[in-house]
Structure formats: structure tokens, C-alpha cells
Amino acid sequence: MSDYKSPIWHPYTQHAIAPEAIHIDRAAGAYLFARGSDDGGDPEDERCIIDAISSWWVISHGHCHPDIVRAVQFQAAKCDQVIFSGFTHDPAEELAEKLINVTGENLSNVFFSDSGSTAVEVALKMAIGFWEQTGKPRRKIIALDGGYHGDTFGTMSVGGRSIYHKLYEPYMFEVEHIPFPEEGRESECFDALEKILNENNDDIAAFIFEPLLQGAGGMRIYSPDVLKTMADMCRAQDILLIADEVMTGFGRTGTLFACEQANLTPDLMCLSKGLTGGFLPLGATLCSADIYKAFYHKDKSKMFFHSSSFMGNPLSCAAANASMDIWENEPVLERIEQIAKSHASAAGALSKRSDLTKIRQKGTMLAMDLKVDDSGYLSNVQPKLYEAFLSQNVLLRPLGNSIYILPPYCTSQDDLDKIYNSINITLNDVVN
Ligand SMILES: *Cc1c(COP(=O)(O)O)cnc(C)c1O
């Protein structure tokens, strides 16, 4: 055991070897401010860390954006939490309208929950329920290899099978996984999809995917054309399309939603992370009118059976509304474009390094793989990289040997340069 003192069990942390958690006292813009010393913390010693991964992909406009702070403070004093069955409130009504307006024509209804995982669980239950309710039961789900949709059993089942979930695999339901469409090897993915479609005529309920960018699977990208091809193949058999935009949503890939780039309106869309600008937890599953109607019935037993206590929480919805207003009132897409441009030129420079491979960029995401013998999530190089970045006050948390940047949109050019520079320094000093 290390001399770890806190009783808190942190996520994705091996406490026997992990250093003590960094104690954050406040956050603003692209920065996290850590306590200088462990005992009490002298504000004078405060350490400023650049949050180059948006605190695990959630922060959109920056930490503690004043408009969101104000909206949440106002809502907190007005109405905290309300049962969401049989009751409603302004923040949720307003947000549902806003979401319907920005997500394209096919999506007409919004089911609120409290996280990305629940947004996905709800989508899966709606998809399976849709076929059952319409009298043509379909039971199978298709998913991409290496996907990540959450850590509950349903979402683990549709996610890529990997080291983190090995122990629980016997408890997961069966899913038809198809190869990830690697650039240049897309036909392997299409062939596998076609084979499954041929063999399972009329038994596939839905295809779930992270559009254009797989996050936890290693920041892997594929083109809008590839997405469109897969979607069209599924559509030919009326298979429901579930776009998990939990990470890609709200600007990460360069557009508000990644699906836009493929001109695709899915039947179900899952949102969370950036939905509130990253300020508070909230999930949303948007669905088509056909799906809503399949459950719309005088027969009570046909209702959609799902609830979580804090669904549609007024504070979370108020944060989301404020975040959506920032999208309208501030030049957010321009900021995103600036970051994308900056990333593209940094990618050019980094590509000259012989210790890097697979440098890839999509919108505000820039990723690269360090050439090592042991790649993958448990790569020995990961903790070294992580610690080295932190020692330069840059929060980058590589996925195994994949280093990636996913900054909040307020990140300045100066800070972006610091981040790129920290990668160069780290690779020069620490790894080699
Ligand atoms: C993070 C993530 C989830 C799970 O969201 P949580 O809020 O962590 O439950 C689901 N899908 C994708 C694509 C994600 O990146």
C-alpha cells in the first residue's frame, strides 16, 4: 500500500501505485488551480495547471464561465430539484426546444437523464423497445470495435471488448462487433457489416457508433464518407442509427455535432459531457417521432420504463441553457476553428519526430502515438508521460501510448503552444 490517506476510491486509478490525487481548489477558463501544499494550502503557493483535456472531455467554453455560474446560482435559489414524472419546469422545457432546434429534422423528442452512460442505456432500451412495440421484434445490436459508450453493463456490452472490461465479459449481452474502419482498410469494416446484415436479415435493431471520432478507444478517426456508407447500409434494412455524441457533441470535431459532417440525422442521439458546457452532470437521449410514437399508447404497459432520480435536474438544465446561449452569443465556432488550425500546424511540426506515428487531427482533437513496444491502455510509458506533463503544469492524460489534446475552446494560442511544447520537451527528456 502507498501512504495514500483519503478514503476516496478514484475512477481508473490503481491506488497501490498511484501518486496522491492533486487537490484542486478552484478552476477558471483553461486552468485548474492546485493547492501548493498538502496541509491546508497556502494560496501563495497555488499551482496553475493547463487543462488540456477539458477535464475528461466535458468543459466546453472554459471552467466557471460567468454566464453559467450566474444561471446556476439563479436557478439554485429558485427551484432545486423536482420529480420529473408528472411535473416539468422551464429550464427543461427551454432546453428540450433548443436541442430539437440544433439537431436536425428527424429528432423530435428528448429524454433527459444524468450521464452519458444513462443516455446510451436509454437509447438502447428505446431501440429494442421500438421493435418490440411495433410488433416486429429485433434483438441484435451492431457496434464498432474499440467503441466506448460507458461503464454500465449495457454500455460495456456495446463497447469494445478490452482489458478494462475483461472481468465482466461473461455478464455482458452479445453484440455484433465490426472492425473499426481504419484508413485504407475500410473495406474490412464494410465487408463485415454486409456479412452481418446478410446473415441476420431483420433481426438487427440498431447500429451504435461514435461518429467520426472514437474517444476512449484511442482517439481514432474515420471520415464522414465512411460513416455515411455504414449508415446507408444499415438504413437499407431499417436498422435504427444510434449516434453516441456524448464526447463528439458540442464542437469537439469542428461542428456542433459530428453527424452534421456526414449529413446524417440519426434516429437516436446521445448527449452529455459538453451538454452543460461541462458544468454539471446531465444526459439527454433525443429520438425520432417514430420511436416516440411506438411507445405512445393508451395501454400503460407500453410506456417507456426508465427513470433516474435526478433526470432533468433544473440546475443542470439551467447550466445547459446558459451554455447553449454562449454558443449563440460568443464566437465559439471561430474559436474552434482557430484551435483546429493551430493543431494542424502543430501536427505538421510533430510529424517530423521519428518517435511519433499516426498523428491525427479532427477539429479540436490532436492525437499521436508514441512508438513503443508495449502499446495499449496499460502501456508502461503512460504514467511516465502523464507525470512528465504534469511536472510542466500541463494536464494531458495519454490513453496508453496515445497522447492527445482536447482543450476547452477558450484556450489561448499561447497556452496551445505551451501544450505542444510540453509534448516536445517530454519526448526529448523523459522518454528518450
Ligand atoms: C464518456 C462517454 C460516455 C459515458 O459518459 P459518462 O457521463 O461518463 O457516463 C459514453 N459515450 C462516449 C462516447 C463517451 O465518451
Side-chain angles (χ1 to χ4, degrees), residues 10-13 53-60 111-127 141-162 164-165 168 172 175 177 180 206-222 227 241-253 256-259 264 266 268-286 306 308-313 316-317 319-320 323 362-365 367 377 397-399 402 404-406 408:
H10 288 268
Y12 283 100
T13 302
I53 58 164
S54 302
S55 276
W56 251 352
W57 324 342
V58 299
I59 299 295
S60 315
F111 191 94
F112 286 115
S113 58
D114 49 16
S115 73
S117 302
T118 47
V120 173
E121 289 282 347
V122 163
L124 293 170
K125 284 170 78 173
M126 281 182 177
I141 310 279
I142 300 176
L144 283 180
D145 273 346
Y148 179 80
H149 302 285
D151 277 339
T152 55
F153 276 97
T155 59
M156 281 196 292
S157 299
V158 290
R161 301 299 160 87
S162 71
Y164 9 125
H165 299 136
Y168 306 106
M172 294 180 197
V175 167
H177 282 97
F180 178 83
F207 171 42
I208 184 166
F209 51 89
E210 291 160 274
L212 309 186
L213 170 60
Q214 274 190 341
M219 293 293 163
R220 299 197 290 178
I221 58 183
Y222 60 98
L227 175 54
L241 301 175
I242 305 177
D244 179 353
E245 293 246 18
V246 169
M247 191 272 272
T248 52
F250 302 97
R252 298 290 175 199
T253 66
L256 188 61
F257 300 106
C259 281
L264 179 76
L268 290 147
M269 186 189 263
C270 311
L271 301 174
S272 187
K273 292 194 168 119
L275 172 56
T276 60
F279 199 100
L280 280 170
L282 183 65
T285 308
L286 279 68
H306 194 98
S308 47
S309 305
F310 289 101
M311 55 200 321
N313 173 265
S316 295
C317 290
S323 177
K362 183 78 209 168
T364 64
M365 191 289 299
Y377 189 79
R397 197 175 192 277
L399 291 155
S402 299
Y404 71 91
I405 310 171
L406 196 77

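Each ligand, and each atom within it, is numbered from 1 in the order the structure gives.
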> What protein heavy atom is closest to atom 11 (N) of ligand 1, reported as residue, atom name and distance in Å?
Replying inline: Asp244 OD2, 2.7 Å

> Any idea which protein heavy atom is nearest atom 3 (C) of ligand 1, and the distance to it?
Replying inline: Val246 CG1, 3.6 Å

>> One pair to check against side chain to side chain contact (heavy atoms under 4.5 Å, CB included): Glu210 and His149. What are the steps and the verdict?
In response: CA-CA 8 Å; Glu210 291 160 274; His149 302 285; 4.0 Å; yes

Taking only heavy atoms of [X] into account, list the atoms of ligand 1 that are under 4.0 Å away from them.
X	value
Met247	15 (O)
Glu210	13 (C)
Ser117	4 (C), 5 (O), 6 (P), 9 (O)
Ser115	7 (O), 9 (O)
Tyr148	1 (C), 2 (C), 3 (C), 11 (N), 12 (C), 13 (C), 14 (C)
Gly116	4 (C), 5 (O), 6 (P), 7 (O), 9 (O)

> Donor-acceptor pair, Thr364 side chain versus Leu406 backbone, under 3.5 Å?
Replying inline: no

>> For Gly154, is there any backbone N or O sitting under 3.5 Å from a side-chain donor or acceptor partner on Glu121?
In response: yes

Do you know the tightest heavy-atom contact between [X] and [Y]?
X	Y	answer
Gly274	Ser60	O-OG, 3.5 Å
Ala258	Pro211	CB-O, 3.5 Å
Val175	Ser157	CG2-O, 3.5 Å

>> If you define the side chain from C-beta out and look only at heavy atoms, does anything of Thr248 sit under 4.5 Å from Met365?
In response: no

> Less than 4.5 Å apart, any side-chain heavy atom of Ser113 and any of His306?
Replying inline: no

> What do you reckon, does Lys273 have a nitrogen or oxygen under 3.5 Å from a nitrogen or oxygen of ligand 1?
Replying inline: yes

>> Evaluate Val120 for polar contact with ligand 1, using N/O atom pairs at a separation under 3.5 Å.
In response: no

> So, does Trp57 sit close enough to ligand 1 that a heavy atom of it is under 4.0 Å from the ligand?
Replying inline: yes

> For atom 8 (O) of ligand 1, is the nearest protein heavy atom under 4.0 Å away?
Replying inline: no

